[in-house]
Amino acid sequence: MRYQKPKGTADILPGDTEKWRFVEDTARKLFKTYQYREIRTPMFENFEVFSRTSGDTSDIVTKEMYDFKDKGDRHISLRPEGTAGVVRAFVENKLYGPEYNKPYKVYYMGPMYRYERPQSGRLREFHQIGVEAFGSDSPVLDVEVISMAINLFKKLGLSDLRLTLNSLGDKTSRDNYRAALIEYLEPHFEELSEESKVRLHKNPLRVLDSKEEQDQQFVADAPSILDYLTDDAKAHFEQVKQQLDLLGIDYVVDSTMVRGLDYYNHTIFEVMTQSKSLGHGYTTICAGGRYNGLVEELGGPEVSGVGFGLGIERLLLLLQDEQVSMPNDDDLDVFVVGIGEAANAMTLKVVQAIRAKGFSSDRDYLDRKPKGQFKIADRLNAKYTLTIGESELESKTAHLKKMASGEEITVTLEEVQQDFQSIIESKFSNKK
RNA sequence: GCGGUAUUGGUGAAGUUUGGUUAACACACCGGAUUGUGGUUCCGGCAUGCGUGGGUUCGAGUCCCACAUACCGCCCCA
């Protein structure tokens, strides 16, 4: 094996691509019903697009960015997530303009890149499906986005998921809470993990996210952000919860849930699963939230946004683990068995004619004997085989066999090319 | 970025403890079993090579070193 794919990448082969399309098609159909339209943005952007939006202290920017200088000495980064690029496009194309309906609702799906140690379901090149909605502060929009995520999982056949909810409030809420949190943690500084010591002043909220056992005791008794929400922020969160209740969507509030990316505020949510395929306990399969202020951060007007993203690789692992049946596209209508050199041309003609009518059809290309060809037809799961040999050429007929029942009938070469549909509908005795 | 485990045909793999000369077995695949008909059965074929590169040795798939990749854990997250 001379060449191998770059570390952390994967070839998605026939057999898997059908599953990918099933997921993508399901998402597209669902998003359509919510009136979200597809947007495609570049796979790479100026480094600053991500560093500005994700936060300088975020792990994505500090160690996971796949960045490089191009030949024009531009600092480029492969996108580590979808939101920043969409926001940049939103601003650059002035999609906030009066001629566009608000909220402006889009979805995307495609590859993302993070430079990190690969593990199952976590590659350097991975794929996300995400949605973003710009231009409304209404809690209804938060709820719509959440319900869309939940419905997507439902459509895919997944239940047993947990929706976790929290609010980070607005800037004032966050500043107040930040101060309170530092005040609470400061006395315990020496007892915190190394990691958390660093975070305490840079981004204290993320101490709450620590998995270190020594931090857990402090996290448990830490002040709750929900107690520091301003009246506005509180009202927003209350309405989100009320409307989720109204829709019958279950959730749990986890006041210690935070985000790796700095741009979130107000409602944040995660869809979690207990499936062992992604690790023990509850793990996150989909994450989203509100990011008011992000559009301004990238030079746009004061327009709010809300969205979510989910990883396709992880989702597929989950679907496989939960044994959700997925369609496979490899069915074959007719395999045309040609016998002898004389039948070669007619075989080609018939295959083409049947294809032209919209049926899938295939034939032998390796000069296999009839027995071999039938074997192939069987392996390809052909519904019918059509046999053409010298005697058939002479009588201008062919033998059409229904593989499931073994029933074989004689048809003319003319009709099989002209109207395959009505042959299979009417000429077999035990139709189904 | 750190730690652990692994890497043998198209696939699953045995063999690595005790270095020794034909790399087991199975599946898949290909060919054949009265000259033109499938899922069973039988027979035959199928790795000059054991991730890559060095080294130790009379001799290495088996020992040592480096590198690559995969998986698991940390970190973090999708």
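Residue numbers start from 1 in every chain, and the chains themselves are labelled A, B, ... in the order their sequence lines are given, proteins ahead of strands. Owing to the predicted nature of the structure, the values given are computational and were not obtained by experimental measurement.
- Here the P atom of nucleotide rC29(B) and the CZ atom of Arg368(A) are 11 Å apart, to the nearest Å.
- Of the listed nucleotides (rC71(B), rA78(B), rC29(B)), rC71(B) has the atom at the smallest distance from the side chain of Arg117(A).
- Counting to the nearest Å, the P atom of rG39(B) and the CZ atom of Phe335(A) are 15 Å from each other.
- Atom CE of Met65(A) and atom C1' of rC77(B) are 15 Å apart (whole Å).
- For the P atoms, the distance from rU56(B) to rC64(B) is 15 Å, rounded to whole Å.
- Comparing the C1' positions of rG53(B) and rA68(B) gives a spacing of 10 Å, expressed to the nearest Å.
- Judged as a salt bridge (charged side-chain N to carboxylate O under 4.0 Å, His left out), and not counting sequence neighbours, the contacts of Glu270(A) are Arg259(A).
- With a glycosidic angle no further than 90° from 0, rG9(B) counts as syn.
- Of the C1' atoms belonging to rC72(B) and rG55(B), the separation is 31 Å, rounded to the nearest Å.
- The distance from atom CD of Gln4(A) to atom P of rC67(B) is 15 Å, rounded to the nearest whole Å.
- For residues 391-411 of chain A, no pair satisfies ring-ring contact (aromatic ring centres under 6.0 Å, His included), with sequence neighbours left out.
- Residue pairs that meet the ring-ring contact (aromatic ring centres under 6.0 Å, His included) test with at least one member in residues 321-371 of chain A, sequence neighbours left out, are Phe359(A)-Phe420(A).
- For Lys401(A), whose side chain is taken as the heavy atoms from C-beta onward, the closest listed nucleotide among rU37(B), rC71(B), rA78(B) is rU37(B).
- Evaluation of the side-chain hydrogen bond (donor to acceptor under 3.5 Å, both in side chains) test over residues 125-136 of chain A, restricted to residues two or more places apart or in two chains, returns Thr83(A)-Glu132(A), Tyr113(A)-Glu125(A), His127(A)-Glu313(A), Glu132(A)-Tyr291(A).
- For residues 18-27 of chain A, the pairs satisfying salt bridge (charged side-chain N to carboxylate O under 4.0 Å, His left out) are Asp16(A)-Lys19(A), Arg21(A)-Asp329(A), with sequence neighbours left out.
- For the residue pair Ser224(A) / Tyr177(A), no side-chain donor-acceptor distance below 3.5 Å is found, with atom types taken as modelled.
- Residues that satisfy the salt bridge (charged side-chain N to carboxylate O under 4.0 Å, His left out) test with Arg162(A), not counting sequence neighbours, are absent from this structure.
- Partners of Glu144(A) under the side chain to side chain donor-acceptor pair (under 3.5 Å) rule, at least two apart in sequence or in another chain, are Tyr36(A), Lys105(A).
- Between the CZ atom of Arg379(A) and the C1' atom of rG10(B) there is a distance of 12 Å, given to the nearest Å.
- Residues passing the side chain to side chain donor-acceptor pair (under 3.5 Å) test with Asp254(A), sequence neighbours excluded: Thr256(A).
- Below the 3.5 angstrom threshold, one finds no donor paired with an acceptor across the side chain of Gln373(A) and the base of rU37(B).
- Counting non-hydrogen atoms under 4.0 angstrom, Gly406(A) reaches a base of the nucleic acid.
- The salt bridge (charged side-chain N to carboxylate O under 4.0 Å, His left out) contacts involving residues 366-380 of chain A comprise Asp364(A)-Arg368(A), where partners must be two or more places apart or lie in separate chains.
- Comparing rU37(B), rA78(B), rC30(B) against the side chain of Thr284(A) picks out rA78(B) as the nearest.
- Taking the P atoms as reference points, rA14(B) lies 16 Å from rU62(B), given to the whole Å.
- Using modelled atom types, one side-chain atom of Arg314(A) and one backbone atom of Thr284(A) make a donor-acceptor pair closer than 3.5 Å.
- Straight-line distance between the C1' atoms of rC30(B) and rG10(B): roughly 12 Å, to the nearest whole Å.
- As rounded to whole Å, 14 Å separates atom C1' of rG38(B) from atom CG of Asp364(A).
- The separation between Leu13(A) atom CG and rG10(B) atom P is 16 Å, rounded to whole Å.
- Residue-environment remark: CD (Glu48(A)) exceeds the threshold of 12 foreign heavy atoms within 6.0 Å.
- Nearest to the side chain of Pro118(A), among rG38(B), rA70(B), rG73(B), sits rA70(B).
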Every protein N/O within reach of nucleotides 33-36 of chain B N/O, cut-off under 3.5 Å:
residue, atom, partner, partner atom, Å
rG36(B), O6, Ser391(A), N, 3.4
rG36(B), O6, Ser391(A), OG, 2.8
rG36(B), N1, Glu392(A), OE1, 3.0
rG36(B), N1, Glu392(A), OE2, 3.3
rG36(B), N2, Glu392(A), OE2, 2.6

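- If you check every strand for non-hydrogen atoms under 4.0 Å, Gly8(A) touches sugar and phosphate atoms only.
- In the set rG39(B), rC74(B), rC29(B), the nucleotide with an atom closest to the side chain of Asp378(A) is rG39(B).
- Within 4.0 Å (heavy atoms only), Leu123(A) reaches at least one base atom of the nucleic acid.
- The separation of rG61(B) from rG9(B), taken at their C1' atoms, amounts to 14 Å, rounded to a whole angstrom.
- The base of rA78(B) sits within donor-acceptor range of the side chain of Glu116(A), with an N or O pair under 3.5 Å.
- For the pair Gln119(A) and Phe126(A), both in contact range of RNA chain B, the more 5′-proximal nearest nucleotide belongs to Gln119(A).
- Side chains of Asn166(A) and Ser255(A): no donor on one and acceptor on the other come within 3.5 Å.
- Side-chain contact annotation: Arg363(A) with Asn344(A), donor-acceptor N/O pair under 3.5 Å present.
- With rU69(B), rG38(B), rC75(B) as the candidates, the nucleotide lying closest to the side chain of Lys7(A) is rU69(B).
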> In dot-bracket form, how is RNA chain B paired, counting a Watson-Crick or G-U wobble pair only if both its distances are under 3.5 Å and using | for bases paired to another strand?
Replying inline: ((((((((.[[[..)....(....]]].(((((.......))))).....[[[[[..)....]]]]])))))))....
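- Closest to the side chain of Ile376(A), from the set rA68(B), rC30(B), rC74(B), is rC30(B).
- Counting to the nearest Å, the P atom of rU37(B) and the CG atom of Leu400(A) are 17 Å from each other.
- Residues of residues 36-46 of chain A having a heavy atom closer than 4.0 Å to RNA chain B: none are found.
- A distance of about 26 Å separates the P atoms of rC43(B) and rU48(B), rounded to the whole Å.
- Atom C1' of rC74(B) sits at a distance of 36 Å from the matching atom of rA60(B), rounded to the whole Å.
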